[in-house]
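A, B, ... follow the sequence lines: proteins, then strands. Residue 1 opens every chain.
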Amino acid sequence: MLDPRLLRGDIDSVASNLLRRGVRLDSAAYLKLDSRRKSAQKKVDELRNERNTRSKSIGQAKASGADIQPLLDDVSNLGERLQKAKTDLESVQTQLDELHLGLPNILNESVPDGLDETENAEIRRWGEQPVFGFKPNDHVEIGERLGMDFASAAKMSGSRFSLLHGELARVHRALIQLMLDVQTRQHGYRETYVPYLVNAKSLTGTGQLPKFEDDLFQTAGESGLYMIPTAEVPLTNMVAGEILDAGDLPLRFTAHTPCFRSEAGSYGRDTRGMIRQHQFEKVELVQIVKPEQSYEALEELTGHAEVILRLLELPYRVVALCSGDIGFAAAKTYDLEVWLPGQERYREISSCSNCTDFQARRMLARWRNPDTGKPELVHTLNGSGVAAGRALVAVLENHQQEDGSVRLPTSLQPYLGGLTQLSPNA
RNA sequence: GGAGAGGUGGCAGAGCGGUUGAAUGCACUGGUCUUGAAAACCAGCAAGGGGUCAAACCCUUCGAGGGUUCGAAUCCCUCCCUCUCCGCCA
């Protein structure tokens with residue numbers, strides 16, 4: 001959510017910033033609605049003031065034993081007038097709230113302009129794209145000989161699910177272990193086990209709701225809980241409604257969770273293999289920081305995700321998402337794109353965002369600023385460190401051998417009892 | 001699932017339907033005292049919105065939402081959550 005004061009005070013600059021995303025904000029209509037809200041609010045306040053004052057004097061009169069009947073007659077229709085004013089206010093406020101919740105975050109000035117992912121800006125590359133003495137296969141061809149089983153998954157769940165057997169499942173698990181160990185032991189993140197089902201309020205806090213409900217799976221029944229699309233939701237919502245001590249910041253949380261996404265609107269995209277699934281595993285990184293430190297923290301957090309790809313010896317590049325591709329809650333985002341020889345292109349494996357105070361304002365996450373003594377909004381960041389399914393895909397494709405086996409990076413071997421490669425007949 | 005208890009400020013914990021946004025304690029901040037610290041004493045200390053140069057001042061908030069009333073932390077209803085016991089269960 002954007003600062004309502006910013007909207008009131010400088011709506012033109014907000015509108016032009018949002019326009020970079022392709023979002024059109026009708027400034028005049030907004031200001032009109034806001035001024036309607038203000039006058040409705042004022043009306044309610046006045047009536048309440050009158051009621052409070054009069055009620056108080058009735059109390060005093062009664063205490064002193066005076067006749068209160070005339071006073072009571074005096075306030076006879078106050079309640080009715082107040083009720084009407086409240087109804088008016090509520091209807092304006094509801095419209096305004098809906099508008100507020102539907103507006104994306106303000107972009108940082110460093111975000112490049114662009115319409116879609118083709119206009120993202122490459123920041124740096126790491127690693128050499130492997131050169132094969134044979135035609136490299138994609139992860140499906142490699143994986144199916146190693147225990148990747150889409151047929152079984154389709155039988156029980158349909159498309160966009162996968163099932164792993166044997167050593168392949170073990171490698172998938174090892175990747176997660178490696179990621180968690182690096183992030184907790186080397187980068188100071190606190191490992192957290194979180195709920196996988198969350199309420200609508202939490203999803204509103206991080207920005208998935210109300211606008212992106214179609215992307216979520218919701219459970220049937222009265223509770224109507226949603227399955228988390230990312231651990232960012234539970235991890236960030238830990239600080240919802242809290243006032244944090246300055247000394248406790250920055251907070252760094254990590255969690256391994258499954259992620260569930262309906263992938264509505266992506267029909268026909270990435271239908272092959274386990275690139276785009278309804279369910280995948282991810283190790284997530286979240287930081288809660290003081291506002292002045294958030295952009296520094298974004299660089300750092302991106303680096304924390306990069307370490308994983310380097311340990312896995314996977315060539316990648318870092319791109320700054322352009323204005324048309326960046327997510328709803330983010331002010332700035334770096335994607336890590338890993339090289340996939342099977343597709344001969346870089347594919348997203350991590351997305352690291354500074355959400356500034358956008359989520360904090362929605363969930364009222366604050367810290368007490370010692371300089372002002374007042375509670376102020378924190379800044380929140382999140383990033384994948386990294387997606388496990390895609391990491392597995394990248395390992396298979398980048399480290400494949402001509403005989404169909406796959407070399408395992410040395411960093412992973414301790415998690416696999418010293419196993420050095422995956423072989424088709426094992 | 002059944003029975004009971006309870007949800008109040010950063011924390012603990014009072015609160016006959018009427019100057020209660022809320023006693024008290026702890027924590028915190030400032031001051032006095034001290035060479036310094038501690039102790040003691042004095043003072044301050046919830047959040048959000050509006051208002052103001054800044055104040056004053058006004059409105060809202062005692063788990064959430066409804067209701068009764070001139071007036072609700074206090075009474076009624078619904079829901080949520082926590083705790084204790086029983087049942088069931090990984």
- Item | 5' priority, RNA chain B, between A:Arg5 and A:Leu72 [closest heavy atom] | A:Arg5
- Item | Phosphate OP1/OP2 of B:G50 contacted by A:Arg8 side-chain N/O (<4.0 Å) | yes
- Taking only side-chain nitrogens and oxygens of A:Arg51, does any of them come within less than 4.0 Å of OP1 or OP2 of B:U60? yes
- Query: Under 6.0 Å between ring centres, would you say that holds for A:His100 and A:Tyr30?
  - Reply: yes
- C1' atoms of B:U32 and B:A38, separation to the nearest Å: 15 Å
- Message: Would you measure the distance from the C1' atom in B:G21 across to the matching atom in B:C45 and give it in whole Å?
- Response: 14 Å
- Just compare B:G18, B:G49, B:U60 and give me whichever is closest to any side-chain atom of A:Lys62. B:G18
- Between C1' of B:A47 and CG of A:Asn369, the distance in whole Å: 16 Å
- Message: One thing to verify: whether A:Glu167 and A:Arg170 come together as a salt bridge, which I'm taking to mean a side-chain N less than 4.0 angstrom from a carboxylate O.
- Response: yes
- Message: Taking the P atom in each of B:G4 and B:C89, what is the distance between them to the nearest angstrom?
- Response: 24 Å
- May I ask which nucleotide in the shown strands pairs with B:A37, Watson-Crick or G-U wobble, both distances under 3.5 Å? none
- Does a donor on one side chain sit under 3.5 Å from an acceptor on the other, for A:Gln208 and A:Tyr226? no
- Item | Distance between P atoms of B:A47 and B:A23 (Å, rounded) | 15 Å
- Rounded to the nearest Å, what distance is computed from the CD atom of residue A:Glu90 to the C1' atom of nucleotide B:U60? 14 Å
- Message: Nearest whole Å is fine: how far is B:C81 C1' from A:Lys201 NZ?
- Response: 12 Å
- Rounded to the nearest angstrom, tell me the gap between atom CD in A:Gln41 and atom P in B:G50. 9 Å
- Query: Taking the side chain of A:Pro375 as its heavy atoms from C-beta onward, which of B:U60, B:A47, B:G49 lies nearest to it?
  - Reply: B:A47
- Message: Please pick, from B:G49, B:A47, B:G71, the nucleotide with the shortest atom-to-atom distance to any side-chain atom of A:Lys374.
- Response: B:A47
- Query: Distance between the C1' atoms of B:C86 and B:C16, in whole angstroms?
  - Reply: 38 Å
- Residue A:Lys38, side-chain heavy atoms: nucleotide from B:G51, B:C70, B:G49 that is nearest: B:G51
- B:U60 phosphate, OP1 or OP2, under 4.0 Å from A:Asn52 side-chain N/O: yes
- Item | C1' spacing across the pair B:A72 / B:C62, given as an integer number of angstrom | 11 Å
- Item | Any A:Arg37 side-chain nitrogen or oxygen under 4.0 Å from OP1 or OP2 of B:G49 | no
- Message: Looking only at the side chain of A:Ile58 (C-beta and beyond, no hydrogens), which of the listed nucleotides B:G50, B:A47, B:C70 gets closest?
- Response: B:C70
- Query: Nearest nucleotide by nearest heavy atom, which residue falls closer to the 5' end of RNA chain B, A:Gly59 or A:Asp45?
  - Reply: A:Gly59
- Taking B:G50, B:C70, B:A47 as options, the one with an atom nearest any side-chain atom of A:Arg368 is B:A47
- Message: In whole Å, measure the gap between the C1' atoms of B:U34 and B:G18 for me.
- Response: 49 Å
- Message: Can you tell me which nucleotide in B:G50, B:U60, B:C70 comes closest to the side chain of A:Arg48?
- Response: B:U60
- Query: Taking any strand in view, what nucleotide pairs with B:A43 in a Watson-Crick or G-U wobble way, both distances under 3.5 Å?
  - Reply: B:U29
- Item | Check: B:G18 base within 3.5 Å donor-acceptor of A:Lys56 side chain | no
- Task: To the nearest Å, give me how far apart CG (A:Leu47) and C1' (B:C70) are.
- Result: 14 Å
- Note on the structure: Pairing partner of B:C88, by Watson-Crick or G-U wobble and under 3.5 Å for both distances, is none
- Note on the structure: Taken to the nearest whole Å, CG/A:Leu364 to P/B:G48 is 8 Å
- Taking atom types as modelled and ignoring hydrogens, do the side chains of A:Ser202 and A:Asn199 form a donor-acceptor contact shorter than 3.5 angstrom? yes
- Message: What's A:Arg361 touching, base or sugar-phosphate or nothing? Going by heavy atoms closer than 4.0 Å.
- Response: nothing
- B:A54 pairs with, by Watson-Crick or G-U criteria that keep both distances under 3.5 Å: none
- Are A:His304 and A:Tyr189 close enough that their ring centres sit under 6.0 Å apart? yes
- Message: Check for me whether the distance between the ring centres of A:His278 and A:Phe217 falls short of 6.0 Å.
- Response: yes
- Complement of B:A5, any strand, by Watson-Crick or G-U distances under 3.5 angstrom: B:U82
- Message: Distance check, C1' atoms only: B:U68 and B:A43, in whole angstrom units.
- Response: 43 Å
- Message: Let's see if you can work this out: which of B:C59, B:C70, B:G48 has an atom nearest to the side-chain heavy atoms of A:Arg366?
- Response: B:G48
- In whole angstroms, the gap separating P of B:G49 from NZ of A:Lys86 amounts to 21 Å
- Query: A:Asn49 side chain N/O closer than 4.0 Å to the phosphate oxygens (OP1, OP2) of B:C58?
  - Reply: no
- Task: Under the ring-ring contact (aromatic ring centres under 6.0 Å, His included) rule, what do A:Phe358 and A:Phe328 come out as? Steps first, then yes or no, please.
- Result: CA-CA 10 Å; A:Phe358 185 84; A:Phe328 185 72; 5.5 Å; yes
- Task: Please check if any side-chain donor atom of A:Gln359 sits under 3.5 Å from a side-chain acceptor atom of A:Glu232, or the reverse.
- Result: yes
